[in-house]
S.K.: 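Pasting a structure below so you can have a look.
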Amino acid sequence: MVTLVNIREDVDEILPGVVADRRYLHENPELGFQEFNTAKFVAERLEALGVEDIRTGINITGVTGLVRGTADGPGKDRVVLARADMDALPILEENNVEYRSKNDGVMHACGHDAHTAMLLGVARVLMDRRDTFAGTVKLLFQPSEEAGDGGALGMVEQRVLENPHVDACFGLHVASRLPTGTIAVMDGPKSAAADEFEITVQGRGGHGAYPHACVDPVVIGAHIVTALQSLVSREVDPLDRAVVSTCAFKAGEAFNVIPDTAMLGGTVRTFSGETRDRLDTRIHELATGIAESMGGSVSIRYRRGYPSVVNDPAMSDIVRDAARAVVGEEGLEEGKPGMGAEDFSYFALERPSCFFNVGTGNPDKDSEWSHHHPRFDVDEDGMAHGIATMATALTMFLGQEG
Ligand code: NI
């Protein structure tokens, strides 16, 4: 069995190398589906470590590799997956650090540089301890989490959960709102599903002084905006959570001309699949009904984004045990669901999974800026907790009976 004290010592030993990797990645950020240099760096590192069955170019830039334990045990035939995302954001970095982005206008402002470096650290720790566990760890580095365009989904579609068949998945995200030394874990729905709607209201334009000869799409649109607000307050179970926000309303130019059309656009955030389906249907019905009752019509484009990340309680319990061993009971926090979206959900839909948060907020290191802010940074000490917790959770999963 893996001894937890040792794993922490091992991680402390490799941390300088992980920090160097993270800084290299931070200096050389790449946007979604353009992570060619990052993927090459990852593959070279895995190869140098002796990781087996390295595959590259999965869904453009995705990389996977296997670490096979050599011990005997109940997890001998099991495979557990650990995932990191590799992409950066179109943000001009405002940090004056020696590892500042060299790619102007592109920045690791969400910590995916740390995720990639940490998973390389996990690979190193596990390679050094292959004789302490039975079973296989599949390391997965995915493209394009940020843009909503299918980094994880494409890898799942290219069957990364097969060959060998993966039994469970684990992923983590650094969190600047959590202090370094804390790990937050929760059961059930963790992130919201994020969908978008665009409603085009078709009326009949004309002179603003003669509204009776027109069908005013602005008034119809205003009724639709108001009615949409009743969906969450009147039709969603108060114990469930959802948001419907109309964020764009575009119509007309002149102050004395009733336009032909109005456009409404917004976002829908939900946790349960049932509520997600219901809001999709009801937005269509309400908008159509209101427009028709007022003499107009609508065309609606509804785009489904990432589904909700739902943690399996048994997998979360494994991460809790691992986190306790790394940061102690006082460092383990009960996670809170957030309305943001995360495409780890595509793995969690397929296999029992847990996605957890690792604290990297530290006022002394100015690392409490929010994610996606041009001053975002990571307290690199927190990466040690992430690596140790992930490596421990993976070996715990493989070490479980049954
Ligand atoms: Ni992120």
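Computed from a prediction, not measured in an experiment: that's the story for all the values here. Atoms within a ligand are numbered from 1 in the order they appear, just like the ligands themselves.
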S.K.: Please state whether the rings of His108 and His112 are parallel, tilted or perpendicular, taking 30° and 60° as the class boundaries.
M.R.: tilted
S.K.: Is it the case that the side chain of Asp343 and the backbone of Gly148 share a donor-acceptor pair, with hydrogens and angles ignored and the cut-off at 3.5 Å?
M.R.: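 Not confirmed, Asp343 side chain does not pair with Gly148 backbone.
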S.K.: Using the six-membered ring wherever Trp is involved, compare the ring planes of Tyr302 and Phe197 and label them parallel, tilted or perpendicular (cut-offs 30° and 60°).
M.R.: parallel
S.K.: Looking at the Ni ion (ligand 1), is one of the N, O or S atoms of His173 less than 2.8 Å from it?
M.R.: yes
S.K.: May I have the angle between His112 NE2 and Cys110 SG with its vertex at the Ni ion (ligand 1), rounded to 10°?
M.R.: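 Value returned, to the nearest 10°, is 110°.
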S.K.: Counting backbone and side-chain atoms alike, is an N, O or S atom of His115 positioned under 2.8 Å from the Ni ion (ligand 1)?
M.R.: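 Given the 2.8 Å cut-off, His115 does not count as a ligand of the Ni ion (ligand 1).
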S.K.: Applying side-chain contact (heavy atoms from CB on, under 4.5 Å), run through Phe36 and Ile60 and close with a yes or a no.
M.R.: CA-CA 8 Å; Phe36 296 103; Ile60 306 180; 3.7 Å; yes
